[in-house]
Amino acid sequence: MITREMILLDCDYIVDSSNRPVIRLIGKGTDGRTCTVYVEGFKPYFYVLAREGDERRVAERIAERFQGIVTGVSFERKFLPLGYQRSKREVLRVEVRVPTQVKEIRDKVRKMEGVIEVFEADIPFRYRYMIDNGIYGYSLLRVKGEVIKTSLGKTSMEMKAHEVRVVEDEVAPKVELKMMSFDIECLPSNDKLLPDPSKDPIIIISIAFYPSFDGKDTLVLVSRPVNAKIDNIECFNGEEEMLRRFLEIIDAYDPDLITGYNILNFDLPYLLRRLKEYNIPSKMGRVLDKGVQLKKGERETRILIPGRIVADVQELVKSEFHLKRYTLDHVAEKLINEKKVELDYKDIPKLWNGNSNEIKKLIEYARKDAILPLKILLEKRLLDKYLELSRVCGLLPQDVIYGGQSAKVESLLLRYGKKRDIILPCKPDDQEIERRRKEREKKELKGATVLEPKVGIYSGDDKILVLDFRSLYPSIIIAYNICFTTLLLEDGDSEVSHITAPTGAKFVSKEVREGLMPEILRELMEFRVKVKKMMKEEKDPERYRQLDARQLAIKIMMNSFYGYTGYLKARIYSLDVANAITGFGRQTIEFTKQKVEETYGYEVIYGDTDSIMVRIKTRNFDEAEEIGRKISIEISRLLPEPLLLEFEKIYKSFLILSKKRYAGLRVTRGDDGKWHEDVIDMKGIETVRREWCDLVSEVMETILDILLRENNVEKAVNYFRTVVKDLKEGKIPLEKLILTRSLSKLPKEYKAKQPHVVLAEKLRKRQGKMAPSVGERIAFVIVKGKGSIAERAEDPEYVMENGLEIDDEYYLEKQLLQPAERLFKPLGISKKELLNVNVGVTLQSFLETNGNSGVMSVRSSMEMIFDDNIQVVCERCNTTLDILKLKGRFCPKCFSQISEEAIYNAILRAILSGMRELISVKYSCEKCGRSYSRPTLTQRCMCGGRLVSEISIKESYEKIRKVKPAVSSMLTPEHREAIDEVLKLADLIVAPKSSSS
DNA sequence: ATGTAACGGGG
DNA sequence: GTGTACGTTACAT
């Protein structure tokens with residue numbers, strides 16, 4: 001008999017030779033050894049509610065009718081879930097031999113005479129076991145038992161359990177997960193289509209490991225001999241041999257997590273299909289009796305590998321980051337600043353059959369595609385949140401990564417319900433869902449309050465304080481004891497002490513009985529407070545991160561409960577409960593608004609669900625903070641516990657366009673105690689959208705920046721006009737105008753003619769074989785000419801080569817104007833005004849709003865650096881002026897004076913944007929000289945040589961240096977000095993011309 | 001306004 | 001495995 005501790009990774013069950021279910025737990029100890037634990041004796045069961053007085057008779061009938069299946073019927077006293085129950089009710093506990101039989105008989109039982117309802121008859125057996133034994137996913141277990149050896153296990157050891165105990169742990173023990181990322185390359189027989197797994201072979205499988213495997217971080221399997229010396233590859237005679245070796249490597253490395261990019265929808269299904277081709281069983285998991293389980297949905301696949309976690313980085317990134325596109329190349333660039341190896345997939349067959357250099361290129365391409373997802377996963381810590389969620393809600397890691405909110409909530413409801421003898425209903429069938437849907441149409445689900453925004457821009461003396469209710473809905477549920485278990489169903493019960501919601505629903509007070517949801521939420525909230533406290537004292541960054549992930553997981557869990565009560569497919573659906581929560585929410589926010597306005601006399605300019613934004617007038621951030629704190633404390637005092645209005649942040653300037661759409665420039669107190677401008681928070685204002693070209697995103701961002709950081713509406717308008725002017729003059733670089741759309745099927749299959757489809761046809765006629773094929777992304781720009789927009793879509797390269805003219809009208813109307821208008825309209829600037837390029841802002845009005853600080857509007861800094869010289873635009877006559885050609889400080893056309901401030905700003909901007917571009921670090925191999933833009937994972941070149949970093953100076957810096965003496969005479973000494981300072985700083989950075997790090 | 005078709009991303 | 005099931009946006013009506 002031994003005792004062993006392990007983190008629970010997976011759980012399922014097997015049926016032994018005498019047809020009894022045996023629970024199987026797979027876990028990993030702190031020593032890194034994996035273990036399979038078999039638990040015997042746990043039996044499947046469910047509950048039946050019979051007509052009062054009929055219990056015995058129904059029990060007998062069930063036992064009789066399902067002889068051989070039902071192994072026992074007993075009686076237990078339980079609380080029914082819906083409505084406040086004064087006492088427990090007698091229910092039948094029906095036990096069956098094997099788990100699948102529950103499903104088999106539950107509908108029959110449901111229809112039997114005398115049966116009212118069946119409870120908890122749809123809980124997967126492994127969860128039934130975990131729930132009943134208080135075992136949570138990814139939690140620490142202490143197992144007592146004997147070591148055994150079966151024919152089913154692949155783990156380091158196997159045990160037959162005598163006892164499984166949960167170890168209470170505040171901080172998760174350190175168990176290092178082994179992760180493996182992989183990627184496949186195929187050889188398509190038809191280069192117009194995606195490779196077909198029924199016939200096109202896999203030619204390469206690349207793998208990345210963390211931690212390393214046999215000293216290797218990566219390994220590439222190649223299905224044919226390669227006549228070149230390449231490190232970390234293995235070659236085979238054909239696909240089958242390679243596939244077998246791949247499975248062998250999985251077994252040998254034994255990863256806890258398998259990842260990759262889009263593996264759920266591509267690599268894994270493809271791989272499984274190829275394995276089937278050779279009749280190789282897909283035993284990639286940690287058990288020998290089960291292979292990989294593939295569940296294909298409409299457009300979604302779930303893949304389960306026993307004992308291992310499958311996580312698709314693409315999915316994780318999609319749920320964590322809002323990006324324009326989710327291609328690996330784009331995602332890697334945005335998140336970890338790395339790119340894929342440049343290679344057109346159409347060239348794969350050519351490279352595959354090519355010379356040693358070509359195949360080398362293909363191998364390194366594949367290698368990188370396995371490395372990138374793993375790096376993203378690690379660097380962005382994409383797993384932390386899920387592992388903590390698993391520990392908080394109890395689901396297995398695998399199910400948390402994929403599953404929706406409802407499973408997590410139910411896991412907790414079942415666990416806490418079990419402790420209190422509350423049984424829960426089964427999930428609703430179609431009929432019940434339909435009934436609920438109809439009910440919802442009649443009695444609608446009322447949402448939260450969104451206060452009418454006082455549209456406009458706030459800056460200068462105005463400061464906006466943001467106050468938030470900490471976990472509003474969870475707090476309300478706790479404060480007013482709202483739950484399906486406390487809801488008073490009949491008026492007759494109203495002599496019980498209760499609370500009436502604004503909607504009229506009544507809930508017994510917590511002194512009578514605490515509700516299930518309030519209990520769970522109260523514990524979660526206390527737990528979160530504890531975790532946050534621990535975070536404050538935690539010095540170790542790794543542990544701090546983990547605690548942070550945990551408090552986030554708890555927050556996510558808490559916020560899921562409200563939604564669950566109004567979810568059509570919930571086990572317990574109660575509009576009365578859902579509406580009571582939002583009802584109290586509306587009451588709370590209205591009350592808060594009223595108090596702030598009446599007691600303090602401040603203006604509430606906006607509020608949504610659980611937050612209010614208060615306008616105060618002060619230049620002093622300390623004072624603003626003081627006011628915020630005061631409001632927070634005093635209002636919280638007026639509300640029942642645990643409702644808490646927290647002072648969240650100060651916006652130095654704030655722009656609100658409409659409900660749910662605003663942007664604010666945050667100020668925060670730095671370590672030096674001083675206030676600093678911080679990030680711009682944005683809500684509902686999008687600057688990146690798939691259907692917009694880059695120009696639009698860039699313009700939107702710049703406008704917001706000018707509005708919030710410089711508080712200069714005129715300048716923002718002017719900037720927009722400049723862009724429009726540039727667009728009309730064809731000065732906008734073509735790549736900023738490119739739109740992309742992917743060709744999902746053959747052109748003729750499209751009904752509506754879309755630009756990229758028409759273009760695809762055009763290209764096919766023009767260049768024949770090189771034309772884009774199905775599944776490819778097509779880049780296009782809209783050019784001038786006749787016909788619909790679709791007919792005027794053109795290939796950017798073709799446009800370049802033939803000097804076609806861009807349809808500036810289209811880009812203005814369809815791309816730039818819509819978002820710009822939405823931004824400017826609430827500020828009282830019409831479309832007309834935006835477009836009126838020639839009528840600039842009068843100097844008079846400009847000076848009125850901005851003092852004499854900026855007569856010029858500086859062109860977008862990015863563009864400036866690419867222009868020949870540094871330029872400013874004269875505000876009076878709108879001419880673009882070259883700083884070098886300026887005689888004195890007068891505009892050569894209208895002779896209005898140009899302020900030194902403006903020139904200084906122009907130069908400074910040029911310097912700053914130049915600084916960003918100033919240094920470029922390149923990495924090159926000391927052996928073969930091949931250069932990389934980023935260091936490789938291994939810090940080694942593909943030839944095996946060491947990578948050495950090289951620092952180079954960009955030209956733009958030199959340009960500014962050249963310009964400086966020419967303009968310095970136009971500047972005040974202070975400005976000159978400031979510029980010199982910056983240049984000096986730049987010199988310092990650049991000074992060591994070559995160094996290695 | 002409201003319903004329906006298209007698309008993603010992998011090679 | 002005692003489980004089901006995308007989510008968003010553009011275009012057409």
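Computation of the quantities below employed the complete heavy-atom set of this structure, encompassing side-chain atoms and omitting hydrogens, waters and symmetry-equivalent molecules. These numbers come from a predicted model, not from an experiment. Here is how names work: the chains are called A, B, and so on, in the same order as the sequence lines, proteins then strands, and each is numbered from 1.
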Classify the nucleic acid contact of A/Ile263 as base, sugar-phosphate or nothing, counting any heavy atom under 4.0 Å across all strands shown. nothing
Integer angstrom distance from the P of C/dT8 to that of B/dG11: 25 Å
I want to check a possible cation-pi pair here: A/Arg415 against A/Tyr136, using under 6.0 Å from ring centre and within 45° of the ring axis as the test. yes
Students often get this wrong, so: under 4.0 angstrom with heavy atoms, is A/Tyr402 touching a base, only sugar-phosphate, or nothing? sugar-phosphate
Which word best sums up how the rings of A/Phe42 and A/Tyr129 line up, parallel for under 30°, tilted for 30 to 60°, or perpendicular for over 60°? perpendicular
Base, sugar-phosphate, or nothing for A/Gln293, non-hydrogen atoms under 4.0 angstrom? base
Heavy atoms from C-beta onward define the side chain here; which of B/dG9, C/dT2, B/dG11 lies closest to that of A/Asp369? B/dG11
Pairing annotation in dot-bracket form, given for DNA chain C with Watson-Crick or G-U pairs under 3.5 Å and | for cross-strand partners: .....||||||||
Remember a base hit wins even if backbone is also touched, and classify A/Ile184 as base, sugar-phosphate or nothing at under 4.0 Å, heavy atoms. sugar-phosphate
Counting the atoms with a prime plus P, OP1 and OP2 as sugar-phosphate, which does A/Ile348 contact under 4.0 Å by heavy atoms, base, sugar-phosphate, or nothing? sugar-phosphate
Base, sugar-phosphate or nothing for A/Tyr261? Non-hydrogen atoms, less than 4.0 Å. sugar-phosphate
For the pair made of NZ in A/Lys318 and P in C/dT9, what is the distance, rounded to whole Å? 13 Å
Contact class for A/Tyr127 (heavy atom, under 4.0 Å): base, sugar-phosphate, or nothing? nothing
Across the strands shown, which category fits A/Asp200 at heavy-atom distances under 4.0 angstrom: base, sugar-phosphate, nothing? nothing
Parallel, tilted or perpendicular: ring planes of A/Tyr45 versus A/Tyr47, cut at 30 and 60 degrees: perpendicular
Rounded interatomic separation in angstrom, taking CZ from A/Phe266 and C1' from B/dG10: 5 Å
Would you kindly give the CG-to-P distance between A/Asp183 and B/dG10, to the nearest whole Å? 10 Å
Rounding to a whole Å, what distance do you find between A/His330:NE2 and B/dG9:P? 10 Å
Which part of the nucleic acid, if any, lies within reach of A/Asp347 when heavy atoms closer than 4.0 Å are counted: base, sugar-phosphate only, or nothing? nothing
Going by side chain to side chain contact (heavy atoms under 4.5 Å, CB included), name the residues that satisfy it together with A/Lys290, two or more places apart in sequence or in a different chain. A/Asp12, A/Arg24, A/Val287, A/Pro306
Audit row: A/Asp399, A/Tyr127, side-chain hydrogen bond (donor to acceptor under 3.5 Å, both in side chains) steps and yes/no: CA-CA 11 Å; A/Asp399 296 333; A/Tyr127 279 121; 2.5 Å; yes
Could you check whether A/Arg273 pairs with A/Asp196 (Lys NZ or Arg NE/NH1/NH2 to Asp/Glu carboxylate O, under 4.0 Å)? no
Round to a whole Å and report the spacing from OH of A/Tyr129 to P of C/dT2. 16 Å
With sugar-phosphate meaning primed atoms plus P, OP1 and OP2, does A/Ile105 contact a base, only sugar-phosphate, or nothing at under 4.0 Å between heavy atoms? nothing
For A/Pro99, answer base if it contacts any base atom (sugar-phosphate contacts may also be present), sugar-phosphate if it contacts only those atoms, and nothing otherwise; contact means non-hydrogen atoms under 4.0 Å. base
Would one find a side-chain N or O of A/Lys340 under 4.0 angstrom from OP1 or OP2 of B/dG11? yes
Rounded to whole Å, NZ of A/Lys569 lies from P of C/dA5 at a distance of 8 Å
Rounded to whole Å, the CD1-P distance (A/Ile205 to B/dG11) equals 13 Å
What is the separation between atom CD1 on A/Ile204 and atom P on B/dG10, rounded to the nearest whole Å? 17 Å
From the options A/Pro201, A/Pro195, A/Ser223, select the one residue that forms a side chain to side chain contact (heavy atoms under 4.5 Å, CB included) with A/Leu187. A/Pro201
Could you go through residues 97-104 of chain A and list every donor-acceptor pair under 3.5 Å that involves a side-chain atom there, pairing it with any protein atom two or more places apart or in another chain?
| from | atom 1 | to | atom 2 | distance (Å) |
| --- | --- | --- | --- | --- |
| A/Gln101 | OE1 | A/Arg97 | N | 3.2 |
| A/Gln101 | OE1 | A/Val98 | N | 2.9 |

Using the C1' atoms only, state how far B/dG9 lies from C/dC6, rounded to an integer number of Å. 14 Å
Pairing donors with acceptors under 3.5 angstrom, does anything connect the side chains of A/Arg367 and A/Thr218? yes
Give one of base, sugar-phosphate or nothing for A/Lys427, where a contact means two heavy atoms less than 4.0 Å apart. sugar-phosphate
A/Arg126 near the nucleic acid: base, sugar-phosphate alone, or nothing, with a heavy-atom cut-off under 4.0 Å? base
Can you tell me which nucleotide in C/dT2, B/dG10, B/dG11 comes closest to the side chain of A/Tyr345? B/dG11
By the 4.0 Å heavy-atom rule, please label A/Phe125 as base, sugar-phosphate, or nothing. base
